[in-house]
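What follows is a short report on a single structure.
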Amino acid sequence: MNQGLTIPAECIVEAAAQVGTPFYVYDETEILARCQEILSMPHAFGFQPRYAMKANSGRAILQLITSAGINIDASSLNEARRAVACGVAPERIMLTTQEVPLGADREELEGLLSAGMHYNVCSIRQLALILPFAKEHDMPLSIRIHPGVGSGESASRNTGDNYSCFGVHLTNLEQALSMAKEAGVIFDAVHVHIGSGGDPEAWRENIDRELGFVMKWFPDVTKVSFGGGFKVGRMPGEKSADCMALGEYAASRIRDFYERTGRKLIVEVEPGTYLMANSGFLVTSVIDRKRTGEEGFDFIVTDGGMEVNTRPLLYGSRHPFYVLSHDGNVLSDEFTDFDTGKQECIVVGRCCESGDSQSLNEDGTIAPRMMVKPLVGDFVVIGGAGAYCSSMSPFNYNSHVQCPEMMYRSDSSLQLIRRRQTLAQICQNELGL
Ligand SMILES: *Cc1c(COP(=O)(O)O)cnc(C)c1O
């Protein structure tokens, strides 16, 4: 896993001249390297990764990752539609959603399922609604199990404990099994996604627990999904998951399962963060500088804050900062020690919201950071911004437009992959009185 600014500073400045700030820029080489890493995870009897596309759902990103050989984990019907719209075959998509598509959506769901999309049942109600269709089409189902425990980087990202409701809870499993049996529909896959805590011990325990479920309740299962949640270290000193070690462990447990049961299970994983987080950068311009008095702080006001990277505000997540001069010199980089002239600064955006900072503690207080103080016209680049930034932002807040996206291609060229939204597009569906 590469950390640090993998795109040359002069290319970032060139991209800024082309599309204006703020914008996201992604590193194709880095994305492809992460795909290769995941695809080469050790396995026993077969392995298929899926990209959790909610991490970053842009067309170019989906094309890149699916052409590399990774399938799709969609979290909503619209995500599945987007994947299909950019050429992904439905049989490469699994839908794992909290939604319960009805009406026209239900018709479309059935169309996609008939075309080969896989359905991961996440509740008793979803099961009841899909069983007649599955029976009629002789379609096996996958089931997401809520294991009763989870692992998230923070409480709001823990997807497996009693305060979250993803999947069919263990206590409802017998009911789900008898409903499927009665309908004559089988479960061919079991899925558990516990969150992105990145604790390898929690991940290993999850594998053991899940194989226990398969052994006890699922005689027809041929595929197990261990979900996503491979941790990525964004800041200096933070560690990323060791995918090879996790793969080795999973493979040994799958072989062990085979020795005990004679069943060869295929493994799936669903990384989102891992493929994208450190492959993307958010480029902002410094538009103002202020100081809050003798006892106060130096504030750096940029043209992109909470509306383009909400993670600090939402989770207290930390992202590395790079300060680039207007002409493309790296003035400050948290991964290197050339800290001459670094001082405490607070980087804020331009929204009328006191939490609009790119550096907050988990309790929501603003955290000053050490950097070379940029001038107006310099750039503040925010790293670790490839996942859950562009796709998870209140981008029209304060009527700011959704910002453009660039790809830094493997041949070192720059390519626009999303245009800047216009104000007219924000307002286009509004109706006056
Ligand atoms: C979000 C999600 C993932 C991906 O999680 P990451 O932390 O981005 O790896 C995988 N599977 C499911 C079902 C998810 O909802």
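Read the numbers this way: they start at 1 and go in the same order the structure lists the ligands and their atoms.
Against a heavy-atom cut-off of under 4.0 Å, Arg144 is close to the following atoms of ligand 1: 13 (C). Residue-ligand proximity, Glu270 to ligand 1, at heavy-atom distances under 4.0 Å covers atoms 3 (C), 4 (C), 9 (O), 10 (C), 11 (N), 12 (C), 13 (C). Taking a cut-off of under 4.0 Å to the non-hydrogen atoms of Gly229, the atoms of ligand 1 that pass are 5 (O), 6 (P), 7 (O), 9 (O). Close approach of ligand 1 to Tyr388 (heavy-atom distance below 4.0 Å) involves ligand atoms 1 (C), 4 (C), 5 (O), 6 (P), 8 (O). Within the listing of ligand 1, atoms 13 (C) sit less than 4.0 angstrom from a heavy atom of His191. Interface of Asp73 with ligand 1, defined as ligand atoms under 4.0 Å from a residue heavy atom, comprises 10 (C), 11 (N), 12 (C), 13 (C), 14 (C). Here is the list of ligand 1 atoms found below 4.0 Å of a heavy atom in Ala52: 3 (C), 4 (C), 10 (C).
Note on ring orientation: taking the six-membered ring where Trp is involved, the planes of Tyr26 and Tyr24 are parallel (angle under 30°, cut-offs 30° and 60°). Ring orientation note: the planes of Phe230 and Tyr274 are nearly perpendicular, at an angle over 60° on the 30°/60° scale. In this structure, His43 and Phe47 have parallel ring planes: the angle between them is below the 30° cut-off, well short of the 60° mark.
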Quiz item: Given Met117 and Val84, is the side-chain contact (heavy atoms from CB on, under 4.5 Å) satisfied, shown in steps?
Solution: CA-CA 10 Å; Met117 186 174 75; Val84 169; over 6 Å; no
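For the ligand labelled ligand 1, residue Ala55 lies outside the 4.0 Å heavy-atom shell. Residue contacts with ligand 1 leave out Phe166, since none of its heavy atoms falls under 4.0 Å from the ligand. Residue contacts with ligand 1: Arg50 is excluded, as none of its non-hydrogen atoms falls under 4.0 Å.
Considering backbone and side-chain N/O atoms, Lys54 comes within less than 3.5 Å of an N/O atom of ligand 1. Distances between N or O atoms of Thr273 and those of ligand 1 include at least one value under 3.5 Å.
When atom types are taken as modelled, the side chain of Asp27 and the backbone of Ile7 share no donor-acceptor pair closer than 3.5 angstrom. Between the side chain of Thr66 and the main chain of Leu62, a donor-acceptor pair closer than 3.5 Å is present. Side chain of Asp73 to backbone of Arg50: no donor-acceptor contact under 3.5 angstrom is found. No side-chain donor-acceptor contact under 3.5 Å links Glu307 to the backbone of His400.
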